[in-house]
Amino acid sequence: MEVLSVNGLSVAINNRYVIDDLSFTIRPGETFALVGESGSGKSMTALALMGLLPQGAQVTAGQIMLCGQDLTVLPPRDLIPLRGARIGMIFQEPMTSLNPVLTIGRQMTEAIEVHLGLGRAAARKLAADMLGRVDLSDPMARLGQYPHELSGGMRQRVMIGMTMVLKPALLIADEPTTALDVTVQAQILNLMRALEREMVTSLLLITHNMGVVAEIADRVAVMQHGSIVESDAVSPLFAQPAQPYTRALLAAVPRLDAPLRSDAPTSRGSPVLELRGISRSFGRPGFLRRGLAHAALTDVSVDLHRSETLALVGESGSGKSTLGRIATRLDLDHAGQVFIDRQDVTRLRGRALRLQRAKVQIVFQDPFASLDPRFTARATLSEPLALHRGLSGAAKRAEAAQLMERVGLPEAMLDRLPHELSGGQRQRIAIARALAANPQVIVADEPTSAIDVSVQARIIELLIDIQKDTGLALLFVTHDLGLVRLIAHRVAVLRGGRILELGSAAQVLDTPQHPYTQSLLAAAPIPDPAWRDRPRVSASLSGGSKEELHGVSRGHWVAG
Amino acid sequence: MTALPEIVDRKARPLWLRLIRQPGGAVGLTLLVLLFLTAVLAPIIAPFAPTKMGAGQPLTPPGALHLLGTDELGRDMLSRLIYGARLTLWIGLIAVGISLSLGTAIGLVAAYAGGFVEKLLMRSNDILFSFTETLIALAFVAVLGPSLTNAMIAVGVAAIPFFARSAYAAALGEIAKPYLEGAIAAGAGHGRLVLLHLLPNVMPVMIVVATLGLSNAILAAAALGFLGLGAQPPLPEWGYMLSSGRDFFNRAPWLMLYPGLAIAFTVFAFNILGDALREALDPRSGGR
């Protein structure tokens with residue numbers, strides 16, 4: 001019998017259907033993935049299953065059968081014991097789903113005592129047992145720790161342990177690895193797969209990431225606008241998607257086996273941007289503040305030429321974004337030198353610095369937060385046009401219109417506010433703002449990680465297009481190695497504030513020399529289920545490397 | 001790579017619509033519009049001049065001719081209360097004007113400048129914050145001398161620390177967002193960043209604080225009036241009326257009852273409006 005069977009489920013908010021006639025079933029021990037982009041209704045489905053729909057949202061039709069029991073007709077009070085015991089849930093951000101003021105042990109034993117009716121000591125033992133099974137070292141000691149003492153990956157392990165300890169029939173995981181680094185993501189996915197097999201739990205995986213689906217799912221349903229577009233077992237769906245939407249979604253995912261960017265930068269000559277011996281530390285000890293400074297960057301040197309893309313690759317805390325901010329002169333509190341157009345700009349301040357900023361512009365990760373919510377697109381674009389280019393009146397209007405055309409938006413959108421634009425459109429405005437200053441370099445700090453995959457592909461195309469037209473140099477900060485293949489000429493791999501490997505995209509991605517680069521490549525999920533059981537290199541990643549870079553071939557540098 | 005359609009957010013409901021959908025917003029706004037009309041139309045709707053002595057027999061109880069009775073000098077209470085609405089609104093607006101402008105300026109500069117300026121401004125602010133507002137207002141009036149104008153200034157200055165703190169906290173939240181860095185990269189200087197980017201984004205919070213601050217200011221001014229340090233006779237200020245009615249409380253309780261009710265009613269209206277505004281401006285409330 002099915003663990004979960006959803007029949008014709010519809011959910012409406014203010015008479016607008018967010019889930020429309022949804023049906024699927026999950027069998028025991030099966031991993032079922034709901035895939036979709038933002039607004040597809042996948043997370044709303046999870047909330048409906050848990051009976052946790054937000055105020056105003058209502059189930060208007062259909063059944064949710066959990067082990068033969070219809071949850072939609074149960075009074076809310078009877079749902080409470082089901083949550084946790086029969087349905088477990090893991091969320092995207094483990095820090096927000098764990099209570100920060102209670103120890104791990106207290107939070108785990110509470111659920112055990114309530115649902116399994118065990119005593120304090122027995123509950124503690126069971127909790128420690130479970131933490132061991134999710135591969136946390138020294139489980140007894142972990143019980144006494146608070147969530148902030150653990151890393152993101154460890155917290156997600158705790159969450160998984162906490163849910164699995166109750167042996168739920170169904171585990172719902174909503175973007176369980178989206179907030180985690182790739183290497184940690186790979187470990188968590190492995191863990192979930194192993195536990196699921198061991199405990200015979202069914203898993204409903206909700207994600208936007210086709211790579212994660214390919215790694216772990218048995219069957220997949222692709223959602224769009226609140227309905228299932230296509231549903232099939234994972235292998236045939238990836239091999240022969242029947243629906244155009246599924247095909248488009250799969251095609252938009254950057255792949256590690258995609259061809260490298262083929263065109264070479266046009267000119268060499270002297271670099272437009274040169275960073276020499278950059279070091280940066282945070283959290284200097286001060287009055288009432290003890291502790292050591294944390295080094296975000298240590299002696300990093302890179303250069304960037306006209307019409308070239310250098311990708312800065314690394315996981316969170318690698319210092320890649322800090323380096324981008326230093327290049328943009330938004331962060332001035334560092335050691336080392338910055339040359340822009342052969343001019344030493346390290347010590348520039350005040351007006352000279354402000355004028356200098358025109359040459360290196362930046363595009364941020366989250367386009368919503370990086371546009372002033374009270375500025376229309378026109379006001380946003382006018383700022384650099386007036387301040388950096390000295391334009392006004394008709395000339396400024398004409399230039400703004402031209403910028404909109406350049407980034408592929410209709411001129412009419414100039415009068416919209418950020419919240420009236422989609423994520424992709426916002427990011428295009430942000431790119432237009434960066435272009436407005438006529439820069440020589442644009443630092444793109446994870447410019448596509450806050451927007452949907454299908455839109456991501458078009459943003460990358462746009463950046464490449466602009467680069468070919470204008471000879472712009474791009475410093476592309478990312479954690480996504482698939483994207484790097486599409487856009488980068490050269491790649492620098494950062495970890496713990498140091499460059500571990502630097503070379504052409506072909507050198508670094510196809511013949512990686514440093515073990516860390518190798519493990520990054522191995523950990524990246526491949527959107528193809530056929531690769532699921534590939535051998536995985538796992539380098540020992542303890543400690544940051546302190547060694548100097550040395551050349552292994554022409555232009556290819558490796559630490560060690 | 002294939003193009004897929006993008007989904008665009010629907011336009012958010014305008015603020016006023018979200019506001020009047022809140023029960024508190026609708027009630028508070030209605031009450032305040034009534035109060036405002038009363039103040040503006042005072043010469044038309046008040047049956048007597050507010051300072052006309054002997055409009056009736058002294059201490060006449062509420063009745064047909066004097067709906068709310070008369071005071072010890074035979075002045076019509078209803079007329080005095082109607083004219084008093086003008087004073088009350090003036091006090092509120094001027095006092096809050098002072099605390100809003102200076103408090104916001106201090107908070108924004110402290111949050112934006114950081115470092116030594118931030119420490120100096122906010123620690124001085126904390127010192128002022130540690131005294132109750134009434135005490136600061138009293139000290140101010142003691143120096144400036146008792147008058148309605150001085151009471152307004154005193155009440156306004158006394159509330160500055162609260163406004164500065166709120167503006168500072170709101171500005172810190174905004175400064176953490178990358179749109180300010182985007183503007184810096186676009187060439188914006190200090191003045192532009194603070195006045196054109198920071199200030200408009202902090203204003204929603206400050207409008208809520210100001211609405212709640214209005215009720216505070218009205219209460220504080222009434223307290224000063226009650227102590228004889230605010231409005232001077234014969235001005236029909238509610239706080240002063242409350243205090244002068246105290247001597248006749250046994251014989252003529254309406255002398256205290258109605259000014260007290262007027263103050264309570266106004267403060268209540270501003271408070272529920274402020275709460276509704278906060279709710280309406282909160283993005284998490286989802287624009288109900």
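In what follows, every heavy atom counts, from backbone to side chain, and hydrogens, waters and symmetry copies are set aside. Because the structure is a prediction, the values reported are computed rather than measured. Convention: sequence-line order gives letters A, B, ...; per-chain numbering from 1.
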Exercise. Output the option from B/R192, B/K177, B/E174 having the highest count of non-hydrogen pairs under 4.5 Å with chain A.
Key: B/R192
Quiz prompt | Residues, nucleotides or ligands: over 12 heavy atoms within 6.0 Å of B/Y112 OH | solution = yes
Exercise. With a 4.5 Å cut-off on heavy-atom pairs, point out which of A/Q361, A/R329, A/Q356, A/R351 contacts chain B the most.
Key: A/Q361
Quiz item: Within a radius of less than 6.0 Å around CZ of B/F265, do more than 12 heavy atoms belonging to other residues, nucleotides or ligands occur?
Solution: yes
Quiz item: Which pair of heavy atoms, one from B/Y179 and one from A/R433, lies closest together, and at what distance?
Solution: O-NH1, 4.4 Å
Exercise. Considering non-hydrogen atoms only, spot the tightest contact between A/I362 and B/A185 and give its length.
Key: CG2-CB, 4.1 Å
Quiz prompt | Chi angles and distances behind the side chain to side chain contact (heavy atoms under 4.5 Å, CB included) call for A/R374, B/M203 | solution = CA-CA 11 Å; A/R374 285 167 191 274; B/M203 269 334 271; over 6 Å; no
Quiz item: Taking all atoms of both residues into account, what is the closest heavy-atom pair of B/A188 and A/E383, and its distance?
Solution: CB-OE2, 4.2 Å
Quiz item: Counting heavy atoms not belonging to A/Y17, are there more than 12 under 6.0 Å from its OH?
Solution: no
Quiz prompt | Leading residue by heavy atom contact count with chain B [cutoff under 4.5 Å; candidates A/A369, A/P384, A/A379, A/P54] | solution = A/A369
Quiz item: Above 12 or not: heavy atoms from other molecules or residues under 6.0 Å from CD of A/Q243?
Solution: yes
Quiz item: Once you round to the nearest 0.5 Å, how far does NE2 of B/H197 lie from CG of A/D372?
Solution: 5.5 Å
Quiz item: Looking only at heavy atoms, what is the nearest atom pair of B/N201 and A/P373, with distance?
Solution: OD1-CG, 3.1 Å
Exercise. Could you tell me which portion of A/F368 (side chain, backbone, both or neither) has an atom closer than 4.5 angstrom to a non-hydrogen atom of chain B?
Key: neither
